[in-house]
Protein chains: 2
Amino acid sequence: MRQQYDVYAMRCPTRMVLDRIADKWALLLLDRLAEEPMRFNRLRRDIEGLSQKVLSQTLKRLERDGLVFREAFATVPVTVEYSLTPLGRTLNETASALAHWAERNMDEILQAQAAYDRKTSGGS
Amino acid sequence: MRQQYDVYAMRCPTRMVLDRIADKWALLLLDRLAEEPMRFNRLRRDIEGLSQKVLSQTLKRLERDGLVFREAFATVPVTVEYSLTPLGRTLNETASALAHWAERNMDEILQAQAAYDRKTSGGS
DNA sequence: CCGTATCCGACCGGATACTG
DNA sequence: CAGTATCCGGTCGGATACGG
């Protein structure tokens, strides 16, 4: 039942953490929650392509890692709000540098891909 | 034959790049290659838990994205050296901030996990 | 509204064998 | 040495239905 993790990662601290944060949805969620606290279905709607199941799993993992704080209000029906913990906030600051890098260098990557594909498929 | 990518990511530049670099092995490889240019089997041996197949795939993807440079020498048998391109180097500088964050905050994460598990499994 | 449970197909990645 | 090809079991994740 409990999820199984990479055996090798267990022995190396950095890899264990990397294993968890090198995750597309986690990074996207962190970034979204950095703007403002948000409810479950709001996140689900906002992040296109993210299914309810995976959202649930990812949030739970982030909460367990102490990166995201989950607060349930006893309204009817129940209201749940997710926000970043201080730890999660520091991670997002670090990780968002990656997103900025992505924006800045996307064109160059696209060009590299095109060049590579020309050499590969049309190989004389 | 050509790998299929996330449809949603196609429309958002950041997500397309994030899709590719939010990858455990890719980041690990970038970091390893930042130290010095390296050969295939050397990488394979150095990075525990990384199979030949996945190493090959990952390197090819990194090369296609213009992040890694592959140079083959006509020795017998063939020698191939992988190194970072300038673009790959800038990515690694950004990404290594993540690794450092991981090292600094691993203890806190571990504690958060323990606390979470206590509340969850032993929930009175 | 906020999830969990179940089913099931797709894909990922390990093991192995083989090529230049 | 540096890979590619094939097979194949395990896991991830989408769809659907249901519960608090």
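Owing to the predicted nature of the structure, the values given are computational and were not obtained by experimental measurement. So you know, we letter chains A, B, ... as the sequences are listed, proteins then strands, and number each from 1.
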For this session: Only pairs at least two apart or in different chains count here, so list each salt bridge (Lys or Arg N to Asp or Glu O under 4.0 Å) that has a residue in residues 65-91 of chain B.
Result: B/Arg20-B/Asp65
For this session: For side chain to side chain contact (heavy atoms under 4.5 Å, CB included), just list the numbers for A/Glu63 and B/Tyr116, CA-CA rounded to whole Å, side-chain angles, deciding distance to a tenth of an Å, and then say yes or no.
Result: CA-CA 8 Å; A/Glu63 188 195 354; B/Tyr116 181 94; 3.7 Å; yes
Exercise. In residues 33-48 of chain B, what residues come within less than 4.0 Å of DNA chain D, judged by heavy atoms?
Worked result: B/Arg39, B/Phe40, B/Asn41
Problem set entry | Sequence-distant partners of B/Arg15, salt bridge (charged side-chain N to carboxylate O under 4.0 Å, His left out), two or more places apart | none
Exercise. Taking only residues two or more places apart in sequence or in another chain, which ones pass salt bridge (charged side-chain N to carboxylate O under 4.0 Å, His left out) with B/Arg42?
Worked result: B/Glu36, B/Asp46
Exercise. Does B/Val78 have any side chain to side chain contact (heavy atoms under 4.5 Å, CB included) partners at least two apart in sequence or in another chain, and if so, which?
Worked result: B/Val80
Exercise. Taking only N and O in the side chain of A/Arg70, is any of them less than 4.0 Å away from OP1 or OP2 of C/dC2?
Worked result: no
Seminar exercise, completed: From CG of A/Leu59 across to C1' of C/dC1 the rounded distance in Å is 15 Å
Exercise. Going by heavy atoms in the side chains, are A/Val68 and A/Thr85 under 4.5 Å from each other?
Worked result: no
Problem set entry | Rounded interatomic separation in angstrom, taking CZ from A/Arg61 and P from C/dT4 | 14 Å
Exercise. With pairs taken as Watson-Crick or G-U wobble and both distances under 3.5 angstrom, which stems of at least three consecutive pairs involve DNA chain C?
Worked result: C:3-20 with D:1-18
Problem set entry | Pairing residues for B/Glu48 by the side chain to side chain donor-acceptor pair (under 3.5 Å) criterion, not counting sequence neighbours | A/Arg11
For this session: Examine D/dT4: is either OP1 or OP2 under 4.0 Å from a nitrogen or oxygen in the side chain of B/Ser56? Give yes or no.
Result: yes
Exercise. By side chain to side chain donor-acceptor pair (under 3.5 Å), which residues pair with A/Thr79, not counting sequence neighbours?
Worked result: A/Thr75
Exercise. What integer distance in Å separates A/Lys60:NZ from D/dC12:C1'?
Worked result: 16 Å
Exercise. With sugar-phosphate meaning primed atoms plus P, OP1 and OP2, does B/Phe73 contact a base, only sugar-phosphate, or nothing at under 4.0 Å between heavy atoms?
Worked result: nothing
Between N or O atoms, less than 3.5 Å apart, protein on one side and nucleotides 14-18 of chain D on the other: list the pairs.
residue	atom	partner	partner atom	Å
D/dG14	OP2	A/Ser51	OG	2.3
D/dG14	O6	A/Lys53	NZ	2.3

For this session: Return the set of residues passing side chain to side chain donor-acceptor pair (under 3.5 Å) with A/Gln52 (not counting sequence neighbours), or none when no residue passes.
Result: none
Seminar exercise, completed: Taken in chain and number order and not counting sequence neighbours, the residues that satisfy salt bridge (charged side-chain N to carboxylate O under 4.0 Å, His left out) with A/Asp23 are A/Arg61
Exercise. Distance check: side-chain N/O of A/Tyr82 vs OP1/OP2 of C/dG3, anything under 4.0 Å?
Worked result: yes
Donor-acceptor contacts under 3.5 Å from residues 102-110 of chain A side chains, at least two apart:
residue	atom	partner	partner atom	Å
A/Asn105	ND2	A/Trp101	O	2.8

Exercise. Out of C/dG13, C/dC1, D/dG3, which has the shortest distance to the side chain of B/Gln57?
Worked result: C/dG13
